[in-house]
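As structure tokens, the structure follows; a few thoughts come after it.
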Amino acid sequence: MDFIIAETLKAVNALYQTQLAENDINLQQTRKEFEGQATIVTFPFTRFSKKSPEVTGNELGEYLQQHVSQIASFNVVKGFLNISLKDEHWIDLFKQNVSQADYGSIPSKGRKVMVEYSSPNTNKPLHLGHVRNNLLGFSVSEILAAAGYEVIKSNLVNDRGIHICKSMLAWQKFGNGETPESAGLKGDHLVGKYYVIFDKEYKKQIDELKEKGLAEEQAKKEAPLIREAQQMLQQWEAGDEQVRSLWSKMNSWVYAGFESTYKKLGVSFDKFYYESNTYLLGKDIIQEGLDKGVFFKKDDGSVWIDLTADGLDEKLVLRADGTSVYITQDLGTAQLKYNDFRMDDSIYVVGNEQDYHFKVLFLILDKLGKSWAKGLYHLSYGMVDLPSGKMKSREGTVVDADDLINEMIETARQRTEELGKTEGFNTDEKDALYRMIGMGALKYFLLKVEPKKRLLFDPNESIDFQGHTGPFIQYTHARIKSVLNKASFNVDNASFPDELTATERDLIIELGNFGKLIEAAAADHSPAIIANYVYDIAKLYNRFYHEETILKADDERVKNFRLLLSFSTANVIKKGMNMLGIEVPERM
RNA sequence: GCGCCCAUAGCUCAGCUGGAUAGAGCAACGGUUUUCUAAACCGUCGGUCUCAGGUUCGAAUCCUGAUGGGCGUACCA
């Protein structure tokens with residue numbers, strides 16, 4: 001439809017001797033209650049046409065109809081010029097473009113982008129919040145790849161620190177040598193169990209100390225368990241063999257557990273970074289910043305940056321004792337990633353509680369004169385909350401990722417069996433189908449919402465399988481495949497009609513927007529755009545499916561055309577869903 | 001205190017760079033299957049787009065302020 005803009009520019013120039021730019025033309029899809037497919041808003045033109053919006057619209061319409069062969073007719077409603085294009089034009093768009101097997105592929109942009117996501121702590125299993133992160137990161141990676149970027153998916157594993165020592169210490173004290181095998185627990189769940197035990201015992205000690213008259217703050221600092229954990233961290237940093245060996249053992253349990261969860265989620269990574277390797281990085285950057293006068297040193301030896309001119313605060317970048325803080329490592333890690341890959345852009349998928357941190361991080365790198373700093377982007381997403389409030393691992397008020405996944409698959413199994421749709425499936429096929437549908441429901445549920453919005457999840461209300469959901473779209477795909485199979489569809493038999501029904505036209509137009517939507521989703525880092533688009537396509541197709549008959553169409557040309565239209569729709573649905581990390585079944 | 005984010009139907013969400021009478025799903029009610037998969041389709045009901053100003057031919061969308069909610073503002077990560 002874009003050619004209309006160019007033609008309108010010519011028309012405005014011819015009629016009103018005014019040279020406009022492309023951006024000055026407001027072209028949109030005609031609302032369905034009016035006739036036409038393309039609408040130009042004519043209000044802005046009245047400034048130089050010196051005529052009413054209606055008259056201006058009519059003059060433009062006349063001109064365009066005379067000069068543009070694809071235009072069939074036009075009508076003017078107030079300041080809106082509605083243009084109907086000939087069916088020939090839409091059929092041509094379908095033939096040349098939409099129906100092609102590679103439709104929706106965008107040529108390489110020659111840009112490399114890193115997407116860092118997941119980045120778990122190795123002291124507890126993944127919960128629903130992590131699931132949102134993982135699905136977002138994976139989906140954004142797929143969308144960027146579809147939009148022609150070279151994508152590197154990375155995962156910065158937080159495998160060291162005081163929280164890890166807490167689990168280790170609790171296991172050492174209360175574990176009696178328990179292993180994932182002996183406990184019959186996934187490794188990450190076993191380690192998480194001891195993280196919770198630590199917290200429970202720690203609280204006990206705090207209460208005891210408080211009874212002895214200590215203030216809360218002091219009790220928290222002096223409880224023997226926390227002291228031991230801190231000591232263990234020091235031993236870890238000193239390379240103490242026993243501590244390191246316990247650490248390796250427990251982390252390996254966790255990794256085995258994560259691997260299984262990642263697999264079920266269908267996410268993957270090209271590059272792992274581990275904080276145990278990167279936590280000392282960044283000190284050379286501190287020196288660089290001091291040399292450049294970006295940072296300054298206080299009397300106690302701590303290093304700071306003054307960001308008050310940018311509306312932020314003074315920020316510590318190195319402790320007085322010379323050790324790193326969080327941002328020190330992140331400065332170093334950012335440099336490391338750039339040295340490794342020389343990417344043009346780098347996206348961090350991290351929750352919105354760290355908005356301030358990333359603002360500061362990117363600003364500092366920019367002030368240090370890093371040329372690549374402008375390519376850094378924080379994909380900030382809202383927390384997943386329960387009706388009872390925030391999820392807290394230590395207090396056990398979390399929706400566990402593995403549990404949720406299993407429940408979704410189980411629900412999918414029940415629904416499918418109730419509907420009696422498993423005829424002709426063997427056991428493996430059934431399992432694959434249930435997994436596909438259950439995960440489709442979960443993933444779609446999480447991805448259809450704009451990332452930055454917070455998400456409320458009520459464990460008592462199961463995730464829907466009907467309506468605006470993943471399974472609805474999957475069902476539409478399976479339905480199409482079923483028709484195509486019945487017809488023994490072959491692309492080579494394609495034929496095209498002389499005219500279109502309204503629904504066929506709507507479907508072609510919407511399918512024609514695919515590329516534009518991929519670009520928009522990539523630019524906004526928003527899977528929600530793809531999710532809502534694919535839903536619109538599925539909905540339109542179902543309307544078409546009910547209104548028109550395909551296999552029994554009177555005219556063989558129409559039949560073959562509708563088959564090809566169905567095929568093309570399935571193609572877009574599949575590609576779109578794959579960008580969300582959702583698979584679509586051949587039948588269900 | 002200061003900073004950032006959010007607010008659209010009873011509930012969950014769309015609404016493209018400002019454009020026509022603000023759209024879906026769920027829930028409720030009614031209809032559609034001798035015909036390609038009813039996880040579907042069609043219809044009814046449901047709105048002061050949190051509030052108050054402003055900019056504009058035109059505001060859910062932009063600006064200012066207020067209210068409500070979330071987050072941050074650590075020599076934690």
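Model, not experiment: these values are computed from the prediction. Every chain is numbered from 1, with letters handed out A, B, ... down the list of sequences.
A donor atom on one side chain and an acceptor atom on the other are found under 3.5 Å apart for A:Thr476 and A:Asn542.
Among residues two or more places apart in sequence or in another chain, the salt bridge (charged side-chain N to carboxylate O under 4.0 Å, His left out) test is passed with A:Asp555 by none.
Atom CD of A:Glu510 and atom C1' of B:A14 are 13 Å apart (whole Å).
Listed by first then second residue, pairs satisfying salt bridge (charged side-chain N to carboxylate O under 4.0 Å, His left out) with a partner in residues 524-547 of chain A read A:Asp506-A:Arg543, A:Arg543-A:Glu547, not counting sequence neighbours.
Annotation: B:C62 and B:U55 have their C1' atoms spaced 8 Å apart (nearest Å).
Note on A:Pro53: nothing from the nucleic acid sits closer than 4.0 angstrom, heavy atoms only. Heavy atoms of A:Thr323 sit nowhere under 4.0 angstrom from any nucleic acid atom. A:Asp321 comes within 4.0 angstrom of no nucleic acid atom, judged by non-hydrogen atoms across all strands. A:Ile437 comes within contact range of at least one nucleobase, with a heavy-atom separation under 4.0 Å. Looking at heavy-atom distances under 4.0 Å, A:Met383 makes no contact with the nucleic acid at all.
When side chains are defined from C-beta on, A:Trp304 does not count as touching A:Lys297, because their heavy atoms never get closer than 4.5 Å.
Within 6.0 Å of CD in A:Glu353 there are more than 12 heavy atoms belonging to other residues, nucleotides or ligands.
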Checklist outcome for this item: Scoring nucleotides 2-10 of chain B by protein non-hydrogen atoms under 4.0 Å (B base, S sugar-phosphate only, - none) yields --SSSS---

Checklist outcome for this item: With sugar-phosphate taken as primed atoms, P, OP1 and OP2 and all else as base, the protein-contact string of nucleotides 20-25 of chain B at under 4.0 Å (heavy atoms; B, S, -) is BSSSSS

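By the 5.5 Å and 30° criteria, A:Phe472 is not stacked with the base of B:A39.
In the set B:G72, B:U73, B:C41, B:C41 carries the atom at the smallest distance from any side-chain atom of A:His546.
Classification of the A:Tyr326-A:His357 ring pair by plane angle, with boundaries at 30° and 60°, yields parallel.
Both key distances under 3.5 Å define a Watson-Crick or G-U pair, and stretches of 3 or more such consecutive pairs in RNA chain B run B:1-7 with B:67-73, B:10-13 with B:23-26, B:28-32 with B:40-44, B:50-54 with B:62-66.
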Using atom types as modelled, flag every donor-acceptor pair under 3.5 Å from a side chain in residues 125-133 of chain A to any protein atom, sequence neighbours excluded.
residue: A:His130; atom: ND1; partner: A:His127; partner atom: N; Å: 2.9
residue: A:Arg132; atom: NH1; partner: A:Gly382; partner atom: O; Å: 2.7
residue: A:Arg132; atom: NH1; partner: A:Lys453; partner atom: O; Å: 2.9
residue: A:Arg132; atom: NH2; partner: A:Glu450; partner atom: O; Å: 3.2
residue: A:Arg132; atom: NH2; partner: A:Pro451; partner atom: O; Å: 3.2
residue: A:Arg132; atom: NH2; partner: A:Lys453; partner atom: O; Å: 3.1
residue: A:Asn133; atom: OD1; partner: A:Ser118; partner atom: N; Å: 2.7
residue: A:Asn133; atom: ND2; partner: A:Val349; partner atom: O; Å: 3.0
residue: A:Asn133; atom: ND2; partner: A:Tyr381; partner atom: OH; Å: 3.1

